[in-house]
Amino acid sequence: MKNVAEIIDYLKNKCGFEFERDVAKITGLIPSDLHRRKLQNNVPYRNLLQACEEHNISADELFFGRKPDDPTIKQFQHEDIARKLIEVLAKLERERPDFFRDIYGKVIGEASWLTTKRKREISGELSADDSIILRVNRKKMINAIYYFAANTEKCGKTKLMKLMYHLDFFHFRETGNSVTGLNYFAWKQGPVPADLFKELSNDPKPDLAEVIEVEIIENFHKIVPKKGFEFDESIFTKRELRLLQNVVSFFKNTNAEQIVEATHLPRQPWFKTIAEKGEGKMIKYMLAVDGRHGLTRREIIERQEELREMYKALGLDWKDVPYESDDIPPLPENSL
């Protein structure tokens, strides 16, 4: 499949465009967003499918560099679109397996060819395309960010990163799942969800920008909750709400330096990652399992085995399914 740079070049040649801003216009993106996607190779599937429909462009040729078998229809084989859409679904709908199974069946169960219009409709059903954060329940993430910004003092960008970390890793320790699905990395100042950090450092997506704003005061990036937004507790489980409240209670008045110290303690996931793999490496969620709090390592592995079986039944290979505990080995046969 073509990368974003190749797709942009194809559209420029196909439509006779001289500049990337012309490509951005027909895809409904602003030039800076298209350029960022090019650098990150973050393909805007839904926007491109819509452009194919509206400008009579072959999606087969656009995505895969081949002409459709039937030149009178502009579409590509259902196996290709199914694979990409189910990949998106696996990232964004992992907490709703029934919905996952239903949509998967609809896509694979379609006739040999899907119209471009139908592909766009399915893509819209499966994902909010503009999300740059992998493996995340974005709505929960945004509400958690608002909750922390509204209920803690001195909530700058650094402190927020650590609050999110504690929420996710505490929840994983108790359940085998994080709240947001964010990936955290062992940076010098502690664990950081890199994709969220980048989004806050550049231009937050519209849905996040509606909830908070970043005020820069000298070198301090303050996270300010916007008036008019109502925290939606209905999207959280009772456990998640409890952990949100506990994290706020514990770190309400701490500054960034103090909360960084809390994550740097020996035997904590950040410390173990730095010691064993070095700075900048991903912090595995399983490092939160200590045998004294929450589930045991075996219990988490058993839960992951159940998920493996579900994905296997849907024709998906575990290694291709993004998940926060993808470092968990399978249990030995006959051990359950």
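Here, residue 1 is the first one in the sequence, and each next residue gets the next number.
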Hey, could you give me the [atom1]/[atom2] distance between [X] and [Y], rounded to the nearest 0.5 Å?
| X | Y | atom1 | atom2 | value |
| --- | --- | --- | --- | --- |
| Ile300 | Met286 | CD1 | CE | 5.0 Å |
| Glu6 | Asp9 | CD | CG | 8.0 Å |
| Arg138 | Met141 | CZ | CE | 4.5 Å |
| Ile30 | Lys25 | CD1 | NZ | 15.0 Å |
| Thr296 | Ile301 | OG1 | CD1 | 8.5 Å |
| Glu20 | Leu29 | CD | CG | 11.5 Å |

Applying the 4.5 Å side-chain criterion to the ILVMFWY set and letting contacts propagate, would [X] and [Y] be lumped into a single cluster?
| X | Y | result |
| --- | --- | --- |
| Phe250 | Ile145 | yes |
| Leu243 | Leu241 | yes |
| Ile235 | Met164 | yes |
| Ile223 | Phe229 | yes |
| Leu196 | Val224 | no |

For [Y], is there any backbone N or O sitting under 3.5 Å from a side-chain donor or acceptor partner on [X]?
| X | Y | result |
| --- | --- | --- |
| Lys12 | Ile7 | no |
| His293 | Val289 | no |
| Glu215 | His221 | no |
| Glu276 | Thr273 | no |
| Thr152 | Ala149 | no |
| Asp168 | Ser178 | no |
| Arg37 | Asn42 | yes |
| Asn143 | Asp232 | yes |
| Thr237 | Glu240 | yes |

Non-hydrogen atoms of [X] and [Y] that approach each other most closely:
| X | Y | answer |
| --- | --- | --- |
| Phe251 | Lys159 | O-NZ, 3.0 Å |
| Gly190 | Lys162 | CA-CE, 3.8 Å |
| Ile283 | Pro269 | CG2-CB, 3.6 Å |
| Ala150 | Pro225 | CA-CG, 3.9 Å |

Quiz item: Would you say Leu208 and Leu200 make side-chain contact, with heavy atoms under 4.5 Å?
Solution: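 In contact.
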
Quiz item: Passes side-chain contact (heavy atoms from CB on, under 4.5 Å), Asp290 versus Arg173? Steps please.
Solution: CA-CA 8 Å; Asp290 58 11; Arg173 191 170 63 185; 3.9 Å; yes

Self-check item: Parallel, tilted or perpendicular: ring planes of Phe197 versus Trp187, cut at 30 and 60 degrees
Solution: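 Rings of Phe197 and Trp187: perpendicular, over 60°.
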
Quiz item: Taking Cys155 as the fixed residue, which of Leu160, Ile212, Asn255 is the one that meets the side-chain contact (heavy atoms from CB on, under 4.5 Å) rule?
Solution: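 With Cys155 as partner, side-chain contact (heavy atoms from CB on, under 4.5 Å) holds for just one option, Leu160.
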
Quiz item: Looking just at side-chain N and O atoms, do Thr254 and Lys154 make a donor-acceptor pair shorter than 3.5 Å?
Solution: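 Their side chains do not contain a donor-acceptor pair, so the 3.5 Å distance test is not met.
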
Within the supplied structure, the quantity of interest is the number of heavy atoms (other residues, nucleotides, ligands) at a distance under 6.0 Å from [X] [atom1]; does it exceed 12?
| X | atom1 | answer |
| --- | --- | --- |
| Lys281 | NZ | no |
| Asp203 | CG | no |
| Lys252 | NZ | yes |
| Glu233 | CD | no |

Quiz item: Where do Asp207 and Lys139 land on the salt bridge (charged side-chain N to carboxylate O under 4.0 Å, His left out) test, with the steps shown first?
Solution: CA-CA 9 Å; Asp207 53 355; Lys139 191 172 182 180; over 6 Å; no

Practice problem: I would like to know whether Leu287 and Trp270 meet side-chain contact (heavy atoms from CB on, under 4.5 Å); could you show each step before the answer? | Solution: CA-CA 9 Å; Leu287 292 175; Trp270 176 89; over 6 Å; no

Charged N-O contact under 4.0 Å between [X] and [Y]:
| X | Y | result |
| --- | --- | --- |
| Asp33 | Lys38 | no |
| Glu153 | Lys222 | no |
| Glu174 | Arg242 | yes |

Quiz prompt | Pair Phe231 and Phe236, ring centroids less than 6.0 Å apart | solution =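 Here the rings of Phe236 and Phe231 have centres that are less than 6.0 Å from each other.
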
Exercise. Taking the six-membered ring for Trp and the single ring otherwise, decide whether the centroids of Phe169 and Tyr184 are under 6.0 Å apart.
Key: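 Between Tyr184 and Phe169, which both carry aromatic rings, the centre distance is below 6.0 Å.
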
Exercise. Kindly determine whether Val179 and Leu244 satisfy side-chain contact (heavy atoms from CB on, under 4.5 Å), including the steps that lead there.
Key: CA-CA 10 Å; Val179 176; Leu244 276 168; over 6 Å; no

Quiz prompt | Full working for side-chain contact (heavy atoms from CB on, under 4.5 Å) between Lys226 and Val211 | solution = CA-CA 5 Å; Lys226 287 190 174 180; Val211 175; over 6 Å; no

